[in-house]
Amino acid sequence: MANNDAHSTTEQHEQLENLAATAAALGRNVTRLRKRSKITKQRFAMMVDIGRPFLNRLEDGTADPRLSIVLRLADALGTTPQELLTDHDEDGAATSHKRSRHARL
């Protein structure tokens, strides 16, 4: 039984790391696309109907947005949720990392 607990804990840590990496990628992509479109944070927050503090947390990768927020972000930026959640390099090209399962967006 102790082995099962250790395995479960390892899986939980991996899931948390995956969620943190996804949140960080989302933040970088929102920031990059928002700046590319020359939209201020205040205006963008109003466009997607979120508060400016929440947008700050999104862009710094510490927020855990609901799917409905990700959909509104993608729509406002003219992209897809998948693109927002995919890690990109500085030029906007998708980087190839190990694909992982996401239990929650």
Side-chain angles (χ1 to χ4, degrees):
M1 180 150 177
N3 193 20
N4 265 350
D5 290 341
H7 182 67
S8 176
T9 302
T10 301
E11 281 183 11
Q12 289 173 343
H13 286 296
E14 287 176 6
Q15 288 177 345
L16 288 175
E17 287 175 6
N18 288 340
L19 287 172
T22 301
L26 174 65
R28 285 189 299 270
N29 290 330
V30 167
T31 301
R32 177 177 50 81
L33 294 170
R34 179 185 60 76
K35 287 181 177 181
R36 181 182 291 166
S37 298
K38 297 183 173 135
I39 304 171
T40 65
K41 281 187 176 186
Q42 186 66 37
R43 181 169 172 238
F44 189 66
M46 288 177 20
M47 287 170 64
V48 293
D49 195 28
I50 59 174
R52 173 83 187 277
F54 186 66
L55 177 58
N56 289 337
R57 289 187 19 238
L58 273 169
E59 289 193 355
D60 71 18
T62 59
D64 184 15
R66 295 177 183 264
L67 178 58
S68 61
I69 301 273
V70 175
L71 293 171
R72 291 194 322 243
L73 293 167
D75 186 51
L77 293 167
T79 190
T80 64
Q82 181 180 356
E83 283 298 311
L84 283 183
L85 298 169
T86 301
D87 210 2
H88 293 80
D89 63 18
E90 292 177 10
D91 297 324
T95 57
S96 58
H97 290 291
K98 181 181 94 175
R99 296 195 88 173
S100 56
R101 294 182 7 228
H102 299 286
R104 197 176 141 212
L105 294 177

Rounded at 0.5 Å granularity, tell me how far [atom1] in [X] sits from [atom2] in [Y].
{"X": "Thr80", "Y": "Asp75", "atom1": "OG1", "atom2": "CG", "result": "11.5 Å"}
{"X": "Leu73", "Y": "Leu33", "atom1": "CG", "atom2": "CG", "result": "10.5 Å"}
{"X": "Lys35", "Y": "Lys41", "atom1": "NZ", "atom2": "NZ", "result": "7.5 Å"}
{"X": "Arg43", "Y": "Arg34", "atom1": "CZ", "atom2": "CZ", "result": "11.5 Å"}
{"X": "Thr31", "Y": "Phe44", "atom1": "OG1", "atom2": "CZ", "result": "9.5 Å"}
{"X": "Thr22", "Y": "Leu84", "atom1": "OG1", "atom2": "CG", "result": "12.0 Å"}

Stepwise, does the side-chain contact (heavy atoms from CB on, under 4.5 Å) test hold for Arg28 with Asp87?
CA-CA 8 Å; Arg28 285 189 299 270; Asp87 210 2; 2.6 Å; yes
Looking at every heavy atom in both Pro81 and Ala74, which two are closest together, and how far apart are they?
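Result for this residue pair: N-CB, 3.6 Å.
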Nearest heavy-atom pair of Ala63 and Ala23: which atoms, and what distance?
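Heavy atoms of Ala63 and Ala23 come nearest at O-CB, 3.8 Å.
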Report the residue from Leu77, Leu67, Ile50 that forms a side chain to side chain contact (heavy atoms under 4.5 Å, CB included) with Arg72.
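Running side chain to side chain contact (heavy atoms under 4.5 Å, CB included) over Leu77, Leu67, Ile50 with Arg72 returns exactly one hit, Ile50.
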Evaluate the criterion side-chain contact (heavy atoms from CB on, under 4.5 Å) for residue pair Glu83 and Asn29; output intermediate values, then yes/no.
CA-CA 8 Å; Glu83 283 298 311; Asn29 290 330; over 6 Å; no
If two hydrophobic side chains count as joined below 4.5 Å and joins carry through other members, does Met46 share a cluster with Leu55?
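The answer is no; the residues belong to distinct hydrophobic clusters.
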When you compare the side chain of Ile69 with that of Val48, does any pair of heavy atoms fall below 4.5 Å?
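No, too far: nothing below the 4.5 Å cut-off.
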